[in-house]
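Below is one structure, written out as structure tokens; the observations come after it.
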Amino acid sequence: MKPTKFDIKFASVRKAVIEQVFSRMNDRQREAVFQTEGPLLVLAGAGSGKTTVLIHRIINILRFGHGYDSPYATPGATMEDLAFLADYTADPKPENQARAMELCAVSPAKPWEVVAITFTNKAARELQDRLTRAVGEADASAIWAYTFHTCCLRILRRDIERLGYNRTFTIYDEDDKKRVITDLIRRLKLDEKIFDARKVMGEISRAKDNLITPRTFALEQRSEFYMGRIADLYTLYEKEMRENNALDFDDIIMKTVQLLQDNPDILEHYQRKFRYVLVDEYQDTNHAQYVLTSLLAGGYQNICVVGDDDQSIYKFRGATITNILEFEKQFKNARTIRLEQNYRSTNTILDAANGLIRNNVNRKGKELWTKQEGGSKIKLHRSDTQESEAQYIAARILEGVAKGCKWSDFAILYRNNVLSNAVESAFRRNSIPYRIYKGRDFFSRAEIRDMFAYLWVIENPSDTLRLKRIINVPARKIGARSVEIAEELAAQHNTMLYDIVSHADAYSELGRGAAAMKRFGDMMQELRDMQQTASLSELYDAMLDLSGYQEALENKNDMESRSRLENIMELKSNIVEYENKAEDPSLAGFLEEMALYTDADQDEEEDDTVLMMTMHSAKGLEFPTVFLCGMEDGLFPSFRADESDEDLEEERRLCYVAITRAKQQLYLTCAERRLMYGQTRYARPSRFLQEIPAELLDSNLTERARQAEAEQAQKKAYRPRSTVNQSYRSASALQSSMTTSSVPTFACGDRVMHKAFGEGMITSVKPMGGDQLLEIAFTAKGTKRLMAKSASQFMHKI
DNA sequence: AATCCGGTTCTTTTT
DNA sequence: GAACCGGATT
């Protein structure tokens with residue numbers, strides 16, 4: 001049907017109203033918001049407002065549906081309505097807003113028809129929060145704004161029985177997985193040197209990422225010895241996992257894909273449900289995730305993926321940059337929109353990032369720009385040692401704080417975790433408060449893993465791995481041999497270990513171990529029964545009590561045990577928090593949430609500290625001032641990336657990610673020599689530094705080169721046989737003369753003025769390795785412990 | 001069962 | 001240089 005004159009007029013007014021709603025976005029962003037139908041690739045450069053685009057795109061879909069594009073009048077609308085809308089464009093009175101919005105809606109989507117998939121909990125939470133603010137709690141909670149894994153778990157919880165799993169399945173993390181694999185390698189009596197558990201895990205992981213089942217894997221790989229054995233291991237691993245009723249992280253995706261592929265009715269259910277599919281960080285998806293999203297979007301074909309090929313840094317985890325590079329081939333009629341305007345960094349920083357990433361060949365091509373002209377130059381500083389590099393960083397931070405910056409304005413990023421050590425000790429020497437941003441610290445503690453093992457077994461008694469972990473923790477006289485016998489019995493009777501344990505008295509083979517085992521079995525049964533009546537936190541308390549775990553720790557009463565007790569109580573507060581927050585709290589729900597949770601998910605801690613983290617974990621974050629340390633060839637780019645251009649390009653992307661974290665000021669630091677793996681290594685500055693246009697840099701490199709040359713010349717004249725070593729010694733002598741010569745000695749009672757901490761009084765002085773450890777009570781900032789040598793740069797007696 | 005020793009290994013790691 | 005693991009030792 002051809003649009004009538006009325007249709008045309010109405011559609012154009014409606015378009016104007018809708019555009020007005022999104023008037024705060026730039027043209028490209030708005031294009032992405034309005035392109036609701038069909039496959040869409042949004043290439044979103046760093047800091048280009050991609051989350052904003054995702055949110056507003058969803059808002060547009062929910063509020064206006066096809067309103068922007070439809071050539072027809074809104075169904076049921078009258079001439080009066082048109083007049084009303086036209087008035088509203090001219091003078092948008094707030095009281096008319098509701099009706100105006102309604103008149104612009106042409107088959108808007110229901111919230112449950114939208115799925116937005118992210119990689120991290122943090123990103124998912126941000127989406128949920130912002131959607132809640134925009135469309136209200138009720139609608140927002142119906143939208144599936146989840147991580148890949150949460151999304152898949154929801155699908156699996158409903159239908160996993162079709163795959164022969166039980167609904168109470170357990171989730172294994174990387175450590176659990178490693179345990180299983182190591183046991184299998186031993187069971188097959190394979191050489192643990194050749195079949196390194198981590199390598200095997202990697203192979204199996206890659207297979208799952210690519211949706212290769214054990215059977216296919218075995219067919220493809222049987223000809224070769226090594227891969228043939230990997231195939232055996234994969235097959236056994238799968239069997240073991242099934243017996244334990246357990247899934248690993250890769251399974252969560254792969255099994256979901258299998259479920260959808262093998263069950264047309266389930267697939268159809270989701271394809272009908274999800275009119276709109278959105279995927280964030282698309283450059284980090286693996287093959288399985290690509291298949292999953294295209295299955296989900298297979299009904300309406302409304303798939304919008306957002307990502308940045310230049311920020312793909314997880315190839316080693318199975319991500320294939322191909323997904324984003326070939327999106328247009330994989331989805332017919334796909335549109336691509338580039339977001340290149342950056343709202344985060346200064347022009348200087350963006351020019352550096354652009355200059356660097358231009359050296360990559362395998363990319364779509366983008367150029368970041370900003371209206372924010374200028375910005376101060378990037379500081380490039382080469383030190384002689386890692387210690388002076390760290391001290392340089394500490395000094396810049398203290399200067400900054402003295403000028404009024406907060407500690408949390410600064411972040412230190414490094415390629416490799418070991419680099420944090422030197423910086424940490426410099427921070428400690430200078431009393432700089434810092435926090436290391438790390439994955440699952442809390443959850444990797446033994447006592448916490450024990451607690452979760454108990455809970456998992458209560459939920460899923462097939463979980464033999466966890467059962468074996470706790471059966472004799474705390475010690476209850478169940479030795480390794482007894483467990484072994486029980487396992488053999490389980491195999492003979494074709495049942496699970498838990499059943500043997502709970503009927504241990506019935507097996508004479510168990511001998512003296514039987515009684516203890518039975519007692520443990522009864523205890524676990526009691527806890528399992530409690531689930532019917534008790535709340536989660538009550539169950540947890542009972543578990544601490546009945547298992548004797550708490551008592552065992554209390555009896556020990558040393559530092560270690562006390563901290564373990566504290567951690568166990570900390571977990572209790574997690575449980576209470578979950579109970580208060582969850583709609584329908586359950587053990588399974590809690591365990592699932594915790595399995596997918598990392599320490600880094602904690603709400604951005606309000607405390608004002610410097611943050612330190614790897615460049616990888618910095619993705620998605622931003623800071624006013626960023627230090628990239630260890631910018632040395634061999635370290636960054638890593639010597640491992642020397643082999644292939646592909647790897648080098650990934651390193652360069654990582655550098656690009658790191659640079660674009662900075663909003664105002666970027667520091668690049670490196671050291672001439674560095675103690676690593678027990679020996680001193682000498683390194684050239686990173687080749688990436690040369691890829692940054694020189695005019696953007698304020699560098700001490702040339703100065704140092706001149707200095708070194710002069711020294712060299714001098715030595716040639718006076719000591720012709722000088723060695724490299726000597727030249728280093730003189731360089732460091734020079735350095736230390738700057739810092740040590742002017743060090744005043746401090747005494748108790750001295751009053752001092754510190755650049756960052758203000759006025760204070762020295763309350764204690766301890767000599768320490770040719771230096772002094774000072775304790776200073778600052779009037780405003782409390783008591784700090786500082787090393788005299790480094791502190792004297794920022795402090796004088798008054 | 002706990003503790004010591006010695007050998008080995010050492011990117012990055014959203015879930 | 002440090003951390004982690006496995007085997008041997010008490």
Side-chain angles (χ1 to χ4, degrees), chain A residues 117-125 146-153 171-175 177-179 182 186 192-193 196-199 201-202 205 208-209 247-254 256 280-286 288-289 307 311-319 386 413-422 425 437-440 443-444 472-481 556 592-601 613-621 630 634-642 647 650-651 653-655 657-658 674-681:
Chain A
I117 308 176
T118 65
F119 269 84
T120 62
N121 296 313
K122 209 175 151 214
R125 194 154 7 93
Y146 296 142
T147 63
F148 268 103
H149 290 83
T150 310
C151 186
C152 288
L153 282 172
I171 300 166
Y172 280 7
D173 68 13
E174 298 304 295
D175 290 336
K177 188 170 158 183
K178 191 170 177 199
R179 184 78 261 143
T182 313
R186 290 191 190 147
E192 288 178 49
K193 293 260 161 50
D196 173 64
R198 292 172 39 190
K199 282 223 185 77
M201 280 167 75
S205 241
K208 290 184 179 182
D209 288 346
L247 299 183
D248 63 28
F249 287 137
D250 304 316
D251 286 327
I252 292 174
I253 312 290
M254 181 176 175
T256 307
D280 192 14
E281 305 278 19
Y282 195 67
Q283 76 281 357
D284 291 333
T285 50
N286 60 34
Q289 288 160 333
Q311 292 189 66
S312 162
I313 54 172
Y314 284 108
K315 189 184 110 183
F316 71 95
R317 284 278 285 105
Q386 56 192 347
L413 311 185
Y414 33 81
R415 174 69 240 263
N416 184 319
N417 278 309
V418 294
L419 293 194
S420 70
N421 291 332
S425 50
Y437 186 95
K438 226 178 171 282
R440 287 177 63 89
F443 293 88
S444 55
N472 201 33
V473 177
R476 33 174 91 86
K477 303 243 156 68
I478 302 177
R481 182 69 197 131
K556 265 197 155 179
E592 175 179 316
E593 196 163 300
M594 290 298 127
L596 301 182
Y597 184 92
T598 62
D599 285 4
D601 287 331
M613 69 187 85
T614 63
M615 295 177 181
H616 279 89
S617 27
K619 194 167 83 170
L621 307 176
L635 256 178
F636 190 40
S638 161
F639 66 95
R640 285 159 205 273
D642 258 3
D647 288 347
E650 175 135 326
E651 295 280 293
R653 288 193 293 267
L654 182 58
C655 188
V657 167
R674 181 182 298 277
L675 190 62
M676 275 199 91
Y677 304 139
Q679 50 184 321
T680 306
R681 314 233 175 158

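Computed from a prediction, not measured in an experiment: that's the story for all the values here. Quick note on labels: first sequence line is chain A, next is B, and so on, each numbered from 1.
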With a 3.5 Å distance limit and no angle check, can you tell me whether A:D175 reaches the backbone of A:S444 through a side-chain donor-acceptor pair? no

May I ask you to say what [X] touches in the nucleic acid, namely base, sugar-phosphate or nothing, with a heavy-atom cut-off under 4.0 Å?
X	result
A:N121	sugar-phosphate
A:N472	sugar-phosphate
A:I252	nothing
A:N417	sugar-phosphate
A:Y314	base
A:Q283	nothing
A:N416	sugar-phosphate

Of A:F249 and A:G479, the one whose closest DNA chain B nucleotide lies more 5': A:G479

Nearest-nucleotide wise, let me know which of A:A595 and A:E650 is further upstream toward the 5' end of DNA chain B. A:E650

Taking atom C1' in both B:dT14 and C:dA3, compute the distance separating them and give it to the nearest angstrom.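 Each nucleotide's C1' atom is 25 Å from the other's.
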
Between B:dT13 and C:dC4, how far apart are the two P atoms, rounded to whole Å?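 So the two P atoms sit 16 Å from each other.
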
Answer yes or no: is there an ion pair linking A:D209 with A:R317, defined by an N-O contact shorter than 4.0 Å?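 A salt bridge is absent here (no side-chain N lies under 4.0 Å from a carboxylate O).
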
Is any side-chain heavy atom of A:R674 less than 4.5 Å from a side-chain heavy atom of A:L419?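 Side chain of A:R674 against side chain of A:L419, heavy atoms only: contact under 4.5 Å found.
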
Should A:K208 and A:N286 count as side-chain neighbours, where that means a heavy-atom distance under 4.5 Å? no

Rounded to the nearest angstrom, tell me the gap between atom OH in A:Y414 and atom P in B:dT12. 10 Å

If I take atom CD in residue A:Q311 and atom P in nucleotide B:dT14, what distance separates them, rounded to the nearest angstrom?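 It is 16 Å, rounded to the nearest whole Å.
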
Hey, can you tell me if A:Y314 and A:H616 have their rings parallel, tilted or perpendicular (30° and 60° cut-offs)?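 Correct class here is tilted.
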
Closer than 4.0 Å, any side-chain N/O of [X] to the OP1 or OP2 of [N]?
X	N	answer
A:T614	B:dT13	yes
A:R186	C:dG6	yes
A:S617	B:dT14	no

Atom CG in A:N121, atom CG in A:L596: separation rounded to 0.5 Å?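 Spacing of CG (A:N121) from CG (A:L596) equals 6.5 Å.
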
Smallest heavy-atom separation, A:K619 atom then A:Q283 atom, equals NZ-NE2, 3.4 Å

Report the stems of DNA chain C as range-with-range entries sorted by first number; a stem here is at least three consecutive pairs, Watson-Crick or G-U wobble, both distances under 3.5 Å, and write none if there are none.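 If one scans DNA chain C for consecutive Watson-Crick or G-U pairs, the stems found are B:1-10 with C:1-10.
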
